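Please read all numbers here as calculations on a predicted model, not as lab measurements.
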Amino acid sequence: MVVVKTIKELKDLLNSFGENRKVGFVPTMGALHAGHVSLIERCVNENEVSVVSIFVNPTQFNDKKDLEKYPRTLDADCKLLEGKGVDIIFAPAVEEMYPEEDKRVFDFSPLDKVMEGKCRPGHFNGVAQIVSKLFDAVNPDRAYFGEKDFQQVAIIKEMVHQLRYDIEIKACPIKREDDGLALSSRNSLLSPEERSQAVNISKALFASKKYADTHTVDETKSYVESLIAESPLLKTEYFTIVDGDTLQDIKNWEDTDFAVGCIAVFCGNIRLIDNIKYKE
C-alpha cells in the first residue's frame with residue numbers, strides 16, 4: 001500500500017501496474033469506518049488494482065462550520081487500511097485538486113432539485129466537481145459508492161452519463177451498527193446521549209416498512225415523522241418517499257415498483273441521513 005499526494009505520482013504509479021488491468025476506485029472523505037471498509041473490500045475483490053482517495057472536499061459544503069468540524073483522521077485511516085489489499089491511497093491537498101477555482105456548473109435536474117439538493121444548495125455541484133476530477137486522475141473501470149447517500153449515487157450515475165465516462169458505478173448496501181444506526185463519519189461527533197437517540201432514526205424507518213404494508217404513502221410519512229418527534233434531541237429536516245430512479249415524490253404505492261424513503265434528521269447539531277427501500 002502506497003500513499004501518494006499528487007496526481008502525477010498517482011498516474012505514474014498506476015502506469016507501473018501495466019495495461020489491461022482493471023482498476024477499482026473508492027472515493028472517500030476519510031474518517032473511515034466499517035461502511036467504507038465494506039466498499040473497499042468489494043473493490044479489492046473485483047479488481048486487479050485498487051485505489052482509495054481520502055479528501056475532504058470543500059466545494060460540497062454549503063456550511064463552512066460543517067466543513068471545519070468534519071473529522072480528519074488520515075493516519076488512523078491509513079492504519080485501518082493496512083492489510084486490506086489496497087494498492088494506492090490518494091490523499092491530496094486542497095491545492096492539488098483545486099489549483100484554481102472550479103467554475104463548472106452541472107445540471108442534474110430534476111435529480112438535484114429535491115431532498116439534499118434542496119436543503120444544501122450547491123452540494124451536488126461540488127460533489128460532481130470533485131468526483132469528476134478524481135475520475136480523471138484515477139481513470140477507474142469501476143467506482144464504489146455506499147447507498148446511505150442514495151441521492152448521491154443517482155447523481156453520480158447521471159454525471160457519468162453526461163460526461164460519457166466509461167466507468168461502472170457500483171452501489172453498495174448500507175452498513176449499520178449492531179443496533180441499526182447507519183454508519184457515518186459524523187457518528188463520531190455525537191455525544192453519548194445523542195448517540196443513544198440517533199438509533200431511533202433507523203428504528204422509525206424499520207418500523208415503517210411493516211406499517212406501509214397496510215397504510216398509504218402519506219400515512220407512512222406521518223408515522224415516521226411522529227416516531228422521530230418522540231426523541232427530544234431529534235428534529236426531522238425532511239422525510240420523503242420517492243421513486244428510486246427519478247427521486248421524485250410518489251403519492252401512491254402503485255406509482256412505482258421502486259419506492260425509497262429518504263430522511264435527514266438533526267441529532268443535536270449533527271445532521272444524519274438514512275433511507276429504506278419499501279419496494280424494489
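Between Leu272 and Arg186 the shortest side-chain heavy-atom distance falls below 4.5 Å. Side-chain atoms of Glu48 and Val23, non-hydrogen and from C-beta on, never get closer than 4.5 Å to each other. Residues Ile263 and Ile201 meet the side-chain proximity criterion, which asks for heavy atoms closer than 4.5 Å. At least one side-chain heavy atom of Val114 sits under 4.5 Å from a side-chain heavy atom of Gln248. Two residues are said to be in side-chain contact when any heavy atoms from C-beta on lie closer than 4.5 Å; Arg72 and Val56 meet this criterion. Put simply, the side chain of Trp253 does not reach to within 4.5 Å of the side chain of Asp213, judged on heavy atoms. Side-chain atoms of Met159 and Ser132, non-hydrogen and from C-beta on, do get closer than 4.5 Å to each other. For the pair Met115/Val242, a side-chain contact is recorded, criterion being any heavy-atom separation below 4.5 Å from C-beta on.
A 6.0 Å sphere centred on NZ of Lys279 holds more than 12 heavy atoms belonging to other residues, nucleotides or ligands. For Asp75, the CG atom is loosely surrounded, since the number of other residues' heavy atoms within 6.0 Å does not exceed 12. Within 6.0 Å of atom CG in Asp245, more than 12 heavy atoms from other residues, nucleotides or ligands are found, so the atom counts as buried in its surroundings. Counted within 6.0 Å of CD on Glu193, heavy atoms from surrounding residues, nucleotides or ligands total 12 or fewer; the atom is thus considered open.
Every side chain to side chain contact (heavy atoms under 4.5 Å, CB included) that Asp149 has, sequence neighbours left out, goes to Gln152, Ile273.
Annotation: cation-pi geometry not satisfied between Lys113 and Phe108 (NZ/CZ under 6.0 angstrom from ring centroid, within 45° of ring axis).
The main-chain N or O of Glu219 is never found under 3.5 Å from a side-chain atom of Ser222 such that the two would form a donor-acceptor pair. Between the Arg21 side chain and the Gly18 main chain, a donor and an acceptor come within less than 3.5 Å of each other. In this structure, Thr73 contributes its side chain and Ala76 its backbone to no donor-acceptor pair below 3.5 Å. Of the possible donor and acceptor atoms, none in the side chain of Thr256 sits under 3.5 Å from a partner among the backbone N and O of Asp243. Checking side-chain atoms of Ser208 against main-chain N and O of Tyr211 turns up no donor-acceptor pair under 3.5 Å. Panel note: side chain Asn47, backbone Val49; no donor-acceptor pair is recorded below 3.5 Å. Without hydrogens or angle criteria, Asp255 side chain to Asn252 main chain gives a donor-acceptor distance under 3.5 Å. Judged purely by atom type and a 3.5 angstrom limit, Ser202 uses its side chain to pair as donor or acceptor with the backbone of Gly180. Between the side chain of Gln197 and the backbone N or O of Leu233, at least one donor-acceptor pair lies under 3.5 Å. Using a distance-only test at 3.5 Å, with no hydrogens or angles considered, a donor-acceptor pair links the side chain of Asp179 to the main chain of Leu181.
Atom CD of Gln151 and atom CD1 of Ile156 lie 11.0 Å apart (nearest 0.5 Å). Between the CG atom of Leu111 and the OG1 atom of Thr246 there is a distance of 7.5 Å, given to the nearest 0.5 Å. Taking CG of Asp107 as the reference point, atom CG of Asp112 lies at 6.0 Å (rounded to 0.5 Å). Of the inter-residue distances, the one linking Thr28 atom OG1 with His36 atom NE2 reads 5.0 Å to the nearest 0.5 angstrom. Distance OG/Ser53 to CG/Leu134: 4.5 Å, rounded to 0.5 Å. Atom NE2 of His33 sits about 8.5 Å away from atom OG of Ser38, to the nearest 0.5 Å.
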side-chain contact (heavy atoms from CB on, under 4.5 Å) between Tyr70 and Ser185, worked out: CA-CA 8 Å; Tyr70 197 88; Ser185 300; 3.6 Å; yes

Pair Asn200-Ser231, side chain to side chain donor-acceptor pair (under 3.5 Å): steps then yes or no: CA-CA 8 Å; Asn200 292 326; Ser231 300; 2.8 Å; yes

Worked verdict on Val260 versus Cys262 for side-chain contact (heavy atoms from CB on, under 4.5 Å): CA-CA 6 Å; Val260 183; Cys262 298; 3.9 Å; yes

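Looking at Arg42 and Glu46, a side-chain N of the basic residue comes within less than 4.0 Å of a carboxylate O on the acidic one, giving a salt bridge. Under 4.0 Å is where a charged nitrogen must lie from a carboxylate oxygen, and between Asp274 and Arg176 at least one such pair does. Ion pairing of Glu168 with Lys170 is present here, as a side-chain N (NZ or NE/NH1/NH2) and a carboxylate O approach within less than 4.0 Å. Salt bridge status for Lys69 with Asp63: absent, with no side-chain N to carboxylate O gap under 4.0 Å. The pair Glu237-Arg271 meets the salt-bridge criterion, since a charged nitrogen lies less than 4.0 angstrom from a carboxylate oxygen. Between Glu280 and Lys277, at least one side-chain nitrogen of the basic residue sits less than 4.0 Å from a carboxylate oxygen of the acidic one, meeting the salt-bridge criterion. With respect to Arg104 and Asp102, a salt bridge is recorded, a charged nitrogen being found less than 4.0 Å from a carboxylate O.
When all heavy atoms are compared, the tightest approach of Ser50 to Gly85 is OG-O, 3.3 Å. When all heavy atoms of Thr236 and Ile228 are compared, the pair lying nearest together is OG1-CG2, 3.1 Å. Between Ala259 and Ile241 the shortest heavy-atom distance is CB-CG2, 4.4 Å. Heavy-atom minimum distance, Ser188 versus Pro71: OG-CG, 4.1 Å. Taking both residues in full, the closest heavy atoms of His215 and Thr220 are given as O-OG1, 4.0 Å, listed atom of the first, atom of the second, then distance. Smallest separation of non-hydrogen atoms from Lys148 and Ala182: CD-CB, 3.8 Å.
No continuous path of ILVMFWY side-chain contacts below 4.5 Å connects Val199 to Ile270, so the two sit in separate hydrophobic clusters. Both Leu247 and Val160 are members of a single hydrophobic cluster when ILVMFWY side chains are connected at heavy-atom separations under 4.5 Å. Val51 and Phe17 fall within a single hydrophobic cluster, where Ile, Leu, Val, Met, Phe, Trp and Tyr side chains are chained together by heavy-atom contacts under 4.5 Å. Transitive grouping of hydrophobic side chains (ILVMFWY, heavy atoms separated by less than 4.5 Å) keeps Leu189 and Phe266 in distinct clusters. The hydrophobic cluster containing Leu14 also contains Met97, counting ILVMFWY residues as joined when their side-chain heavy atoms lie under 4.5 angstrom apart, directly or transitively.
Phe90 and Phe25 have their aromatic ring centers separated by at least 6.0 angstrom.
The aromatic rings of Phe150 and Phe258 sit perpendicular, their planes meeting at an angle over 60°, well past the 30° parallel limit.
If you check the side chains of Tyr98 and Asn57, you find a donor sitting under 3.5 Å from an acceptor. Side-chain contact of Thr59 with Gln129: a donor-acceptor pair under 3.5 Å is present, judged by distance alone.
Applying the 4.5 Å side-chain rule to ILVMFWY residues, one finds Met1, Val3, Val26, Leu32, Leu39, Ile40, Val44, Val52, Ile54, Leu74, Leu80, Leu81, Val86, Ile89, Tyr144 in the same cluster as Val37.
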